[in-house]
Every structure is written in C-alpha cells, then in structure tokens.
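First listed ligand is number 1; within each ligand, the first listed atom is number 1.
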Amino acid sequence: MSNLVEENLSTIRQQMKIACQASGRDPQEVQLLLATKTVPLEKLQMAMQAGEVLFGENKAQELRDKFPLMEQYNKVEWHFIGHLQTNKVKDVVKYVTLIHSVDRLKLGQVLHQQLLKENRTMDILVQVNTSYEESKFGIAPEAAVELVEQLSQLETLNIKGLMTIGKLGATNEETRGCFRLLKSIQSQIKQKNIPRVEMDVLSMGMSGDFMVAIEEGATIIRVGTKVFGERYLPDSYYWNENVHLK
Ligand SMILES: *Cc1c(COP(=O)(O)O)cnc(C)c1O
C-alpha cells in the first residue's frame with residue numbers, strides 16, 4: 001500500500017543519502033527524527049508503517065495525547081524538541097529518551113530535582129541560538145560552553161551534544177553559517193574534556209535545510225512539513241512565548 005507520507009519519506013531518505021555521499025559521510029551516522037506537532041495520528045501511523053521509529057514533540061500536552069496511542073508499537077521512541085517550561089518537566093520526562101532543548105541552568109536544575117526523585121537519569125542536548133533571532137529559544141553561542149559546564153555538575157543529566165534551529169527563510173549560506181557555528185561550539189566543548197560530557201550528537205536541519213545540515217555534520221535531522229505536509233498552526237506558536245494566537 002502506498003501513500004503520500006510513505007512517498008515523502010522515501011524521497012527524504014534518498015536525499016539524506018545524497019547529502020551523505022556529497023560530504024563523505026556514512027548514512028548510518030544520521031538519524032531522521034519526525035517532528036509531529038499538530039500531525040494527526042493516522043499520519044503518524046503511516047510513518048510507523050513505513051518503518052520510522054523516532055518522533056519528536058514540542059509540547060507536553062501533545063506528547064501526553066499521542067504517546068499512549070503509539071505505545072503499542074514498542075519500537076517507537078520519543079524525543080522532546082520544543083521549548084520546555086519548568087512546570088512541564090515532570091510530564092515530559094515520563095515519555096522521552098532525549099530532550100533536545102535544554103537552554104538554561106534553571107531548567108537543568110528542575111530536571112535534576114525531578115530525576116533525583118525518580119532515581120533515574122536523562123539524556124539531553126543543549127539548544128544554542130545560532131541565528132541570534134529573538135524569536136527563537138536557545139542559549140547565546142557565547143554562553144554555551146559555560147552552560148554545558150554548569151549542567152555537567154547535575155549528575156542525573158547526561159549531556160550528549162547540541163541542538164540548533166538554523167536561520168529560516170535565509171540563504172543556504174546563512175543557514176550553513178548557523179550549522180558551522182554549532183559544530184565549532186561542539187569542538188570547543190570537546191577540547192575541554194569536561195567530565196561526564198559527551199558531545200557526539202548534533203541535532204540540526206529541518207525540512208528546508210536538512211541537506212545542508214548533513215553536509216555540516218548533523219547526526220539527527222528533525223523533519224516535519226516535508227513528510228506530513230503544511231501545519232495549521234504557525235511555528236511562532238511553538239517558538240516564541242510572546243506570540244499568542246487570537
Ligand atoms: C517543527 C520543528 C521542526 C520541523 O520543522 P519542518 O520545517 O516542518 O521540517 C524541527 N525542529 C523543531 C524544534 C520544530 O519545532
């Protein structure tokens with residue numbers, strides 16, 4: 001049985017291969033995460049049936065709704081990719097194996113307290129605002145190394161790498177600049193050999209720029225629109241606390 005989601009996925013898988021070949025990378029190094037905000041369950045199931053196993057949500061509420069419906073497919077894994085409010089931490093850690101969006105010490109501390117209570121650990125990425133856009137979350141690039149050092153003291157958090165959202169609506173070269181900046185922060189942190197900090201994961205690249213991201217070293221790309229089609233909510237709803245829908 002063929003459907004649009006399946007076709008889109010096979011196009012993306014092909015493009016991922018092309019980008020890997022172009023940059024001399026092993027396709028095995030790059031994971032495809034499907035960004036599922038606002039996507040109805042039927043489409044998620046099509047993606048699963050096409051063999052996809054990694055999904056990302058932006059909001060605790062949507063995660064809570066979708067998780068039980070997908071749980072029957074035991075191979076499925078969820079990551080949290082959205083802005084995480086401290087009052088949602090308890091909800092989110094229940095469902096996910098990696099949080100991409102830790103961008104402030106306070107959030108790290110709240111996560112740590114919750115994980116201590118549950119006697120467990122959590123893998124995280126530090127989100128960096130490489131485009132310097134006000135409407136995006138993420139720590140400023142200049143402050144990223146220090147934040148990683150501070151978070152590394154919280155022993156329930158396993159820092160696995162970095163995440164960024166490239167500049168949107170920009171030229172390929174501008175976007176490439178964001179990804180290179182993330183990669184250079186990764187190298188700086190690696191050189192410091194901070195105890196307990198691993199820096200192998202780079203989560204970068206979305207529908208419009210994932211090939212560039214792969215060329216620049218992405219190990220997880222996060223794709224929504226190109227698989228599932230346009231969303232009915234603007235991204236500002238997810239990315240900017242100051243924007244409210246009327
Ligand atoms: C929505 C979203 C994506 C996917 O964006 P598309 O342009 O639809 O591929 C990736 N990362 C984050 C953090 C998102 O919120």
- Message: Closer than 3.5 angstrom, by distance alone: can the side chain of K167 be matched with the main-chain N or O of T175 as a donor-acceptor pair?
- Response: no

- Report yes if M163 has an N/O atom closer than 3.5 Å to an N/O atom of ligand 1; otherwise report no. no

- Under 3.5 Å: N/O of K226 near N/O of ligand 1: no

- Note on the structure: Among K37, Q127, E57, R222, the residue with a heavy atom nearest to atom 14 (C) of ligand 1 is K37

- Message: Please compare I81, T225, L33, L168 and report which has the shortest non-hydrogen distance to atom 13 (C) of ligand 1.
- Response: I81

- Evaluating non-hydrogen atoms only, which member of S203, S101, S207 is closest to atom 9 (O) of ligand 1? S207

- Does the side chain of R25 reach to within under 4.5 Å of the side chain of T219, using non-hydrogen atoms? yes

- Below 6.0 angstrom between ring centroids: does that apply to W78 and Y95? no

Distance-only donor-acceptor hits, side chain of residues 148-157, under 3.5 Å, sequence neighbours excluded:
from : atom 1 : to   : atom 2 : distance (Å)
E149 : OE2    : K192 : NZ     : 3.3
S152 : OG     : E149 : O      : 2.6
T156 : OG1    : H112 : ND1    : 2.7

- Output the list of atoms in ligand 1 that are nearer than 4.0 Å to some heavy atom of N58, sorted by atom number. 14 (C), 15 (O)

- Item | Backbone N/O of S203 and side chain of R222: donor-acceptor pair under 3.5 Å | yes

- In this structure, which one of I139, L147, L125, L111 forms a side chain to side chain contact (heavy atoms under 4.5 Å, CB included) with V102? L111

- Message: As an exercise, identify every atom of ligand 1 less than 4.0 angstrom from a heavy atom of V223.
- Response: 9 (O)

